[in-house]
Structures are given as C-alpha cells and as structure tokens.
Novice: 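Structure incoming, see below.
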Amino acid sequence: MDAATPPVTSARGGHGLPGLRFGASGPRSGGHGFPAPRFGAGPGAATPSPPAAGATARPPMSRRRRGWLWAVAVVAAIAVTIGGASITGVAVLTAIAQSSPSGSEATGDGSSTGADAWEDDVTTRLSTAMQENDRAAFVAAGDGRVAQHLAAIWDETKKLGWTLGVAESTDATGSVQLAFNMQLGGFHAVAADDGTGFGGELLATFVYDATITGTGPRSKVTALDAVADMPWDRGEQIAVARGEHVALFADADEAALAEDRIPEAEAAADDVLARPEWAGSTARLDGFVTYVTEDDQDFHAAYGPDMADGVAGFCLFDYRPTRWTAEQVPGLASGPYPGGGLAVLGPDGLLDEDGYVFAHEFAHYLQNAYAPAPLTADGAKGDDRAFSEGYAEAVAADYADASAELFTTRDVRRTVLDGDVADAVSAAAFDDSARVDTAYLTAGSYFYFLDQQHADYRALLTTDGSTPFVTEVDTVMPPGLRIADWQAWMASQ
C-alpha cells in the first residue's frame with residue numbers, strides 16, 4: 001500500500017478465505033493513505049467486515065503457494081502508501097516553502113513576519129544539531145517534557161543509524177508542524193538525477209504538531225505531539241535487526257519478531273532490488289527500513305488517525321526538504337518530489353512468512369527513488385494509483401511466482417476484455433470496497449503484460465496524475481504496448 005495515496009479499505013474480498021480483508025490505497029504524501037493531517041495517506045472510505053471465526057485456521061501450504069493465496073486476500077490492503085499528500089503533508093509542503101527565510105511571509109499561525117523571525121530560530125538550531133551530530137543541542141531545543149521527548153527521538157532513531165538529517169517547520173514561532181528528516185538504516189537512497197538537479201539523498205520524515213514559544217535564540221519547542229506515533233513517541237525503546245538490504249525495527253518487547261522476519265524481508269528485498277527495469281538509472285537504493293509489529297493498536301498509531309481495519313501494510317512517503325538545499329546541506333535531495341520511504345507492516349501483513357507484503361511495499365519504496373511522481377502544486381503526490389499500485393502488485397506477484405494465477409483470472413480477463421478498463425482502474429474503483437481488489441489486479445495485469453514483453457515502462461511511473469491511466473498508456477507507450485495490445489495479449493492467455 002502506498003501511503004502517498006489515501007488509504008481505502010474494503011470488505012471481505014470474495015477470495016474464500018474467512019476473515020481476510022482488503023485495505024486499499026491512499027495518499028500520505030504518496031499513494032496510500034495519509035490520515036488527514038499527516039504527510040501521507042487519507043482515511044479509508046469503506047468499513048471492513050469483522051473477522052470471521054477461524055480466520056487463521058488455514059491448511060499448511062508451500063511458501064510460494066501460501067504467497068499466492070495470501071496475495072489474493074490482501075491485494076488491496078498492501079497497496080497503502082502514505083506519501084506527502086495528506087492535509088498535513090499538503091500544508092507542510094507549501095507552508096515550509098512559503099515560510100522559509102527566502103519566503104515573504106510565514107504561514108504557521110500568522111505570528112511570524114518574515115525572514116527576520118528565522119534568525120537563529122529553534123528549527124534552525126535543531127537542524128544544525130542534526131547536521132553536526134550534537135545530541136545536547138538537539139535536546140536543549142525543547143522545554144521540560146519536550147526535551148525528554150526530543151532525547152527519545154534522538155536516541156531511538158540513532159539506533160537505526162542515521163548520519164544525515166535536517167529539521168523544518170511551517171513557521172518560526174507559534175503553532176506549527178515540525179518535521180525531522182533522516183537518512184535511516186545506514187542505507188543510501190539516492191534520487192534519480194534527470195538533469196534538473198533533483199538527485200541527492202532521500203530522507204525519511206517524522207512529523208509533529210508543535211508549539212514554538214519565543215523567537216530567535218530565545219525560542220524553544222514547548223509542545224510536541226506526533227502526527228503518527230513511532231515507538232519513541234510512546235515512550236518505548238526499539239530493537240533493530242539487520243540484514244544486508246533490510247533494517248527491521250520493532251518495539252523492544254517485540255525484538256524477536258524483527259529478528260525472525262529478517263530472512264523473509266531479505267529475500268523480498270534482494271528480489272525487488274534486482275528488478276531489471278531500473279538498470280542504468282542514476283538512482284541508487286541500497287536497502288529498506290521497515291517497522292514491524294503484531295500489535296494492532298501500535299500499527300494503527302504508526303499510520304495516524306483514521307486508518308481503517310484490515311490494512312496489511314503501508315509505505316510512508318513525505319516531502320523532500322524545501323527550506324534546505326544541497327548547497328546548504330551537501331548530498332541532500334530537495335525539490336517538489338516525495339522524499340524517502342519507510343515501510344510499516346502490521347499483524348495482517350505478518351500472518352504468513354512468504355514476503356509478499358514486504359515485496360509490495362518495497363516496490364513502492366523503489367519506485368519512489370527511481371521514478372518519483374512529482375508533487376502537485378498543493379503538495380499532493382500526483383500519481384494515478386493504477387500506476388503505483390499496479391506496479392507494486394506486479395512486482396510482488398512476480399516475487400511470489402503467482403503472476404499468471406493472479407492476473408489472468410476469469411474476473412480480470414472479463415474486466416480487461418469485456419469491461420470498461422478506464423472505470424475499473426479509476427480512483428473511484430480504488431475507493432470502492434466492492435471493486436478495489438479488481439482494481440489492483442487489473443492494474444497489476446497491465447504491468448505483468450509489459451514484463452512479458454520486456455518493455456521499458458519507466459515513463460509511466462512518473463505520471464503527474466493529470467491524465468487517466470488508459471489515456472496515459474496510449475499516449476506514452478509505443479504501438480504494441482497499448483491498451484488494445486494488452487487486451488489482445490489477455491485474449492491469448
């Protein structure tokens with residue numbers, strides 16, 4: 001699930017598995033769901049059915065077969081991506097750009113009057129402390145309990161190994177949103193440089209509702225509340241388990257969970273990172289950072305307000321820093337594109353150990369680095385979910401050796417050959433609990449078709465969302481790879 005798109009959940013999906021429900025996609029800043037104020041996904045539109053008795057009593061099956069069956073069950077749920085397009089993400093993206101020292105007027109609560117208010121302000125001091133690895137200065141920016149919270153943020157996120165970090169806020173003083181951007185996991189995530197200067201390290205973002213009291217060198221953060229809670233925001237320590245290409249973290253009391261899922265996550269990461277479509281790109285992605293939990297309450301808290309039940313996982317994308325540039329902070333990626341990713345898997349995403357949900361979320365993570373869809377003028381992630389979710393579904397199904405079973409079913413064939421394809425993969429379909437599973441599989445089947453043709457489809461993944469899927473495909477793709485060609489191929493399957 002791409003958190004950049006508002007998340008939608010659907011009722012039981014007709015796959016014959018009791019109690020398994022779909023969560024659909026939504027924007028967080030990017031595609032799956034930013035809860036209303038948050039850099040990410042929007043609230044789900046549909047209400048899932050309660051779990052049926054005996055939902056976990058499934059017969060054992062092979063890893064690959066389990067992957068396929070589970071894929072059918074959560075095809076929509078895993079599609080949640082939270083990118084920079086929640087009301088929070090939108091507001092912060094535009095407000096930070098407008099209220100930075102180079103802007104004309106700060107926009108937080110109207111209390112700042114322009115560039116002078118940013119002189120040695122607390123956000124600048126927080127950012128400097130992060131760049132200089134100065135924990136004492138970082139903690140000193142807070143007052144009372146806030147200082148303790150800042151200490152927890154620093155200590156726990158440092159366990160994930162960040163070295164590059166910056167802070168930004170929507171205003172220099174008053175009621176603001178404050179964001180900490182960090183390069184997590186010790187992995188490089190370098191954005192593709194297409195000649196426009198948008199290369200550089202992509203940073204994960206944690207967003208807080210904050211109060212800044214005072215101005216200039218006397219300013220302090222006097223209130224700090226996470227928009228979506230990570231363990232350190234709940235006063236918990238984390239445990240980190242590492243593979244070559246993954247870093248999994250969990251609450252300390254779930255340390256064994258993180259360790260146990262390393263083989264599964266590592267296998268999915270290796271497969272996704274080897275995807276041939278990105279060969280020759282100037283982007284670089286070395287690994288994936290993921291929060292895992294079997295506690296449903298903690299999983300919901302990590303998403304933020306309004307996440308419906310039944311979601312298996314999501315990927316958080318927020319904005320790239322706008323106040324700071326690579327000239328000020330060497331190596332930093334900035335500009336009007338989503339920033340770095342952070343995958344989150346909850347109880348439903350961890351039911352089976354086949355890596356399907358990991359692969360789906362890692363695909364979002366990968367696309368965001370290699371072919372990011374530009375943010376719109378209001379800060380929303382501008383891609384069409386049919387592209388981002390279809391691609392992620394195709395990647396995960398390929399990993400699970402389940403593409404033919406998933407993408408050439410009777411329902412998908414009927415939709416592609418006899419139905420209204422444009423409507424089947426429309427935003428309305430992704431938001432409809434009765435249609436969301438078909439929307440995911442139909443969109444995924446097109447990317448499966450492209451993979452079968454060994455096609456270069458990277459241009460499709462950078463769509464700005466202004467053109468519907470069917471129109472964009474027939475405009476961007478050459479003859480032989482258009483909608484009619486997909487339909488002819490489907491008829492032969």
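Just so we're clear, the structure is a prediction, and the values are computed from it rather than from any experiment.
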Novice: How long is the straight-line distance from CD of Gln452 back to CG of Asp398, given to the nearest 0.5 Å?
Specialist: 8.5 Å
Novice: Ignoring hydrogens and angles, state whether a donor on the side chain of Trp162 or Thr157 is under 3.5 Å from an acceptor on the partner side chain.
Specialist: yes
Novice: Looking at every non-hydrogen atom in both residues, tell me the closest pair between Ala392 and Ala363 and how far apart they are.
Specialist: CA-CB, 3.8 Å
Novice: In Å and rounded to the nearest 0.5 Å, what is the CG to CG distance from Leu461 to Asn368?
Specialist: 11.5 Å
Novice: Among Phe180, Trp232, Trp154, which residue satisfies the ring pair (Phe, Tyr, Trp, His ring centres under 6.0 Å) criterion with Phe206?
Specialist: Trp232
Novice: How long is the gap from CD on Gln183 to CD on Glu201, to the nearest 0.5 Å?
Specialist: 4.0 Å
Novice: Using distance alone, with no hydrogens and no angle criterion, decide if Thr293 and Asp251 have a side-chain donor and acceptor under 3.5 Å apart.
Specialist: no
Novice: Ignoring hydrogens, what is the shortest heavy-atom contact between Phe407 and Ala397? Give both atom names and the distance.
Specialist: CE1-CB, 3.5 Å
Novice: Report, one line per pair, each donor and acceptor closer than 3.5 Å where one atom sits in a side chain of residues 258-267; sequence neighbours left out.
Specialist:
{"unit_1": "Arg261", "atom_1": "NE", "unit_2": "Glu264", "atom_2": "OE1", "d": "2.7"}
{"unit_1": "Arg261", "atom_1": "NH1", "unit_2": "Leu350", "atom_2": "O", "d": "3.1"}
{"unit_1": "Arg261", "atom_1": "NH2", "unit_2": "Glu264", "atom_2": "OE1", "d": "3.0"}
{"unit_1": "Arg261", "atom_1": "NH2", "unit_2": "Leu350", "atom_2": "O", "d": "3.0"}
{"unit_1": "Arg261", "atom_1": "NH2", "unit_2": "Asp352", "atom_2": "O", "d": "2.8"}
{"unit_1": "Glu264", "atom_1": "OE2", "unit_2": "Gly355", "atom_2": "N", "d": "3.1"}
{"unit_1": "Glu266", "atom_1": "OE1", "unit_2": "Glu244", "atom_2": "N", "d": "3.0"}
{"unit_1": "Glu266", "atom_1": "OE1", "unit_2": "His245", "atom_2": "N", "d": "3.1"}
{"unit_1": "Glu266", "atom_1": "OE2", "unit_2": "His245", "atom_2": "N", "d": "3.1"}

Novice: Please, which pairs that meet salt bridge (Lys or Arg N to Asp or Glu O under 4.0 Å) have at least one residue in residues 130-149, sequence neighbours excluded?
Specialist: Arg135-Asp155
Novice: At what distance, to the nearest 0.5 angstrom, does OG of Ser445 lie from CG of Leu450?
Specialist: 9.5 Å
Novice: Going by the rule ring-ring contact (aromatic ring centres under 6.0 Å, His included), which residues pair with Phe447 if we only count those two or more places apart in sequence or in a different chain?
Specialist: Tyr457
Novice: Could you work out, with salt bridge (charged side-chain N to carboxylate O under 4.0 Å, His left out) as the rule, every residue matching Asp233, not counting sequence neighbours?
Specialist: none
Novice: Under 30°, 30 to 60°, or over 60°: which ring-plane class applies to Tyr391 and Trp278, parallel, tilted or perpendicular?
Specialist: perpendicular
Novice: Closest heavy-atom contact between Met230 and Ala302?
Specialist: CE-CB, 3.7 Å
Novice: Considering all heavy atoms of both residues, which atom of Glu294 and which atom of Glu254 are nearest to each other, and what is their separation?
Specialist: N-OE2, 2.9 Å
Novice: On a heavy-atom basis, which atom in Ala179 and which in Thr205 lie closest, and how many Å separate them?
Specialist: CB-CG2, 3.8 Å
Novice: Can you say whether the rings of His360 and His364 are parallel (under 30°), tilted (30 to 60°) or perpendicular (over 60°)?
Specialist: perpendicular
Novice: Can the ring centroids of Phe387 and Phe469 be said to lie less than 6.0 angstrom from one another?
Specialist: yes
Novice: Of all heavy-atom pairs between Ala424 and Ala429, which one has the smallest distance, and what is that distance?
Specialist: O-CB, 3.2 Å
Novice: Would you say Phe138 and Leu126 make side-chain contact, with heavy atoms under 4.5 Å?
Specialist: yes
Novice: So Asp411 and Leu441, do their side chains get closer than 4.5 Å, heavy atoms only?
Specialist: no
Novice: With sequence neighbours left out, write down each residue that passes ring-ring contact (aromatic ring centres under 6.0 Å, His included) with Phe299, or none if nothing qualifies.
Specialist: Phe314
Novice: Not counting sequence neighbours, which residues clear ring-ring contact (aromatic ring centres under 6.0 Å, His included) with Phe362? List them please.
Specialist: Phe288, Phe358
Novice: I'd like to know whether CD of Gln297 has more than 12 heavy-atom contacts from other residues, nucleotides or ligands below 6.0 angstrom.
Specialist: no
